[in-house]
Amino acid sequence: MTTTLNQQTLSHLDWLEAEAIHILREVAGQCSNPVLLFSGGKDSLCILRLAEKAFRPGRFPFPLMHIDTGHNYQEVINFRDQRAAELGERLIVRSVEDSIKRGSVVLKSADESRNKHQSVTLLEAIEEFGFDCCIGGARRDEEKARAKERIMSFRDEFGQWDPKNQRPELWNLYNARSHKGENIRAFPISNWTEMDVWQYIEREKLGLPSIYFAHNRDIVMRNGGIFPVNVPLTNGEIINQPKAGEEIVNMQVRFRTVGDITCTAPVPSDADSLSKIVVETATTTITERGATRLDDQTSDASMEQRKKEGYF
């Protein structure tokens with residue numbers, strides 16, 4: 001008698017997906033009041049799809065939350081609201097502008113980037129709702145400080161991260177337990193790369209904000225980088241005014257990552273489809289944050305310092 005074994009070979013995306021789903025279910029099982037941080041960006045869109053696969057047909061065991069700087073691209077905010085409505089999940093929005101009004105955030109100047117100040121608003125929201133775990137889309141390949149972080153990253157009662165005080169994660173065993181006032185940041189796609197994200201988006205046919213695809217935009221060249229100018233906000237305000245003597249050029253660009261307008265730069269590109277983005281990602285030699293996040297270029301330790309202060 002001959003027994004035939006049917007063996008299924010999993011792709012690397014299948015393995016990454018399975019790991020991420022396992023992490024999401026661990027969060028749901030170990031944490032009493034988690035929240036999923038959703039900005040409308042590509043990484044958090046992947047996590048939404050993973051959450052669908054982990055928990056549908058039921059509701060997600062956590063709400064969605066976005067910390068809005070008030071200086072986000074219109075296309076991304078519109079897409080954020082659209083996607084949350086399609087899923088039928090609760091979306092909590094807390095704004096850096098409200099923190100400024102309360103006096104908990106003080107800007108050095110009106111045009112200062114609000115990106116780092118999201119830490120304050122995030123910690124205020126965690127205290128307001130009593131969240132014991134925030135699920136985020138950070139990946140280790142993005143930046144050196146992120147590479148140090150565990151999948152279940154412990155934050156103390158002040159919301160601070162100590163890279164020397166992290167829990168071991170042997171054999172894919174995760175410890176998300178915390179005392180009252182402490183917090184866990186869970187990163188289900190920590191082991192993914194930018195290429196994995198784009199291949200997964202292509203495979204799953206996920207919708208995206210239009211600014212991820214090549215389009216024409218007014219820019220200036222500033223400090224050797226591309227700087228978007230005259231960008232409209234959802235309230236009608238125009239920010240990122242060009243400086244005296246700067247020449248405005250209309251260039252075909254796209255965004256590899258999205259964030260605060262004042263510190264998120266586009267890259268030259270003609271990639272107007274997911275297949276072209278995958279090819280472009282395969283050939284680039286600069287990390288997405290190195291190419292596009294101006295606030296990470298102030299020093300080698302800028303991200304680590306922000307994370308110690310409570311950043312995502």
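Since the structure is predicted, the reported quantities are computational estimates derived from the model, not experimental observations.
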Decide whether D132 and N33 meet the rule of one side-chain donor and one side-chain acceptor closer than 3.5 Å. no

Criterion side-chain contact (heavy atoms from CB on, under 4.5 Å) on I189 and Y200, from CA distance to verdict: CA-CA 11 Å; I189 62 171; Y200 190 74; over 6 Å; no

R83 vs N78, test: side-chain contact (heavy atoms from CB on, under 4.5 Å). Steps then yes/no. CA-CA 9 Å; R83 190 70 188 106; N78 294 340; over 6 Å; no

Under 6.0 Å between ring centres, would you say that holds for F255 and F213? no

Taking side chain as C-beta onward, heavy atoms only, is I211 less than 4.5 Å from V76? yes

Under 3.5 Å, is there a donor-acceptor pair linking the side chains of R80 and H66? yes

Do the side chains of E182 and R155 get nearer than 4.5 Å, heavy atoms only? no

Should the pair R222 and F227 be classed as cation-pi, given the thresholds of under 6.0 Å to the six-membered ring centre and 45° from the axis? yes

Just so I know, are the side chains of D14 and R203 near enough to count as touching, which here means a heavy-atom distance under 4.5 Å? yes

Looking at every non-hydrogen atom in both residues, tell me the closest pair between A125 and R94 and how far apart they are. CB-CG, 4.0 Å

In terms of hydrophobic clusters joined by side-chain contacts under 4.5 Å, are F129 and L122 together? yes

With hydrophobic residues grouped by side-chain heavy-atom distances under 4.5 Å, do L208 and I77 end up in a single group? no

Kindly work out whether a path of hydrophobic side-chain contacts (I/L/V/M/F/W/Y, heavy atoms less than 4.5 Å apart) joins I201 to W15. no

At what distance, to the nearest 0.5 angstrom, does CG of L50 lie from CD1 of I23? 9.5 Å

How far apart are the closest heavy atoms of R254 and A214, and which atoms are they? CB-N, 3.7 Å

Distance-only polar pair, side chains of T262 and D260, donor-acceptor under 3.5 Å: yes

A side-chain contact here means heavy atoms from C-beta on lying under 4.5 Å apart; do D43 and R139 qualify? yes

Can you give me the closest heavy-atom contact between M152 and A186, atom names plus distance? SD-CB, 3.8 Å

Kindly check if the number of other-residue, nucleotide or ligand heavy atoms within 6.0 Å of CD (E247) is above 12? no

Decide yes or no on side-chain contact (heavy atoms from CB on, under 4.5 Å) for V27 and Y174, but give the supporting numbers first. CA-CA 9 Å; V27 169; Y174 305 113; over 6 Å; no

Just by distance, no angles: are the side chains of E202 and S275 close enough, under 3.5 Å, to form a donor-acceptor pair? no

What one should report as the nearest heavy-atom pair of A20 and P188 is CB-O, 3.5 Å

For the residue pair N172 / H22, report whether a side-chain donor-acceptor contact shorter than 3.5 Å exists. no

Return yes if a side-chain donor-acceptor contact under 3.5 Å exists between T193 and D196, otherwise no. yes

Does a salt bridge link K42 with E194, judged by any charged N lying under 4.0 Å from a carboxylate O? no

Supply the atom-to-atom distance M221 CE to I248 CD1, rounded to the nearest 0.5 angstrom. 14.0 Å

Close side-chain approach of E97 and T69, heavy atoms under 4.5 Å: no

Contact between I135 and F60 at the side-chain level, heavy atoms closer than 4.5 Å - yes or no? no

Kindly indicate whether the side chain of R102, heavy atoms from C-beta on, has any atom under 4.5 Å from the side chain of D98. yes

Determine the minimum heavy-atom distance between G70 and L233, stating which atoms define it. O-CD1, 3.7 Å

Give the cluster check for V279 versus V267: same hydrophobic cluster or not, with ILVMFWY residues linked at side-chain heavy-atom distances below 4.5 Å. no

Same apolar cluster (I L V M F W Y, side chains within < 4.5 Å links), L206/Y212: yes

Begin with the C-alpha distance, continue with both residues' side-chain angles, and end with the deciding distance and a verdict on side-chain contact (heavy atoms from CB on, under 4.5 Å) for Q199 and L13. CA-CA 8 Å; Q199 289 181 324; L13 287 180; 3.9 Å; yes

Does the side chain of Q118 pick up a donor-acceptor pair with the side chain of N115 at under 3.5 Å? yes

Value rounded to 0.5 Å, distance of CD1 in I226 from CZ in R217: 11.5 Å

To the nearest 0.5 Å, atom NE2 of H71 lies from atom SG of C263 at 11.0 Å

Between the side chains of D218 and N230, does any donor sit under 3.5 Å from an acceptor? no

Distance alone, cut at 3.5 Å: any donor-acceptor contact between the side chains of R150 and S153? no

Side chains of D270 and Q252: do they bring a donor and an acceptor to under 3.5 Å? no

Could you give the distance from CZ (R256) to OG1 (T264), rounded to the nearest 0.5 Å? 13.0 Å

Would you say E149 and S190 are linked by a side-chain donor-acceptor pair, where the criterion is simply a distance under 3.5 Å? no

Taking the side chain as every heavy atom from C-beta outward, state whether I261 and N72 have any atom pair closer than 4.5 Å. no

Can a donor-acceptor pair be found between the side chains of R185 and N183 at a distance below 3.5 Å? yes

Can you confirm whether or not the ring centre of F55 sits under 6.0 Å from the ring centre of F62? yes

Does P63 have any side-chain contact (heavy atoms from CB on, under 4.5 Å) partners at least two apart in sequence or in another chain, and if so, which? V35, R90, I92, F131

Side-chain donor-acceptor contact under 3.5 Å, N191 with R140: yes

From CD1 (I277) to CG (D272), nearest 0.5 Å: 8.5 Å

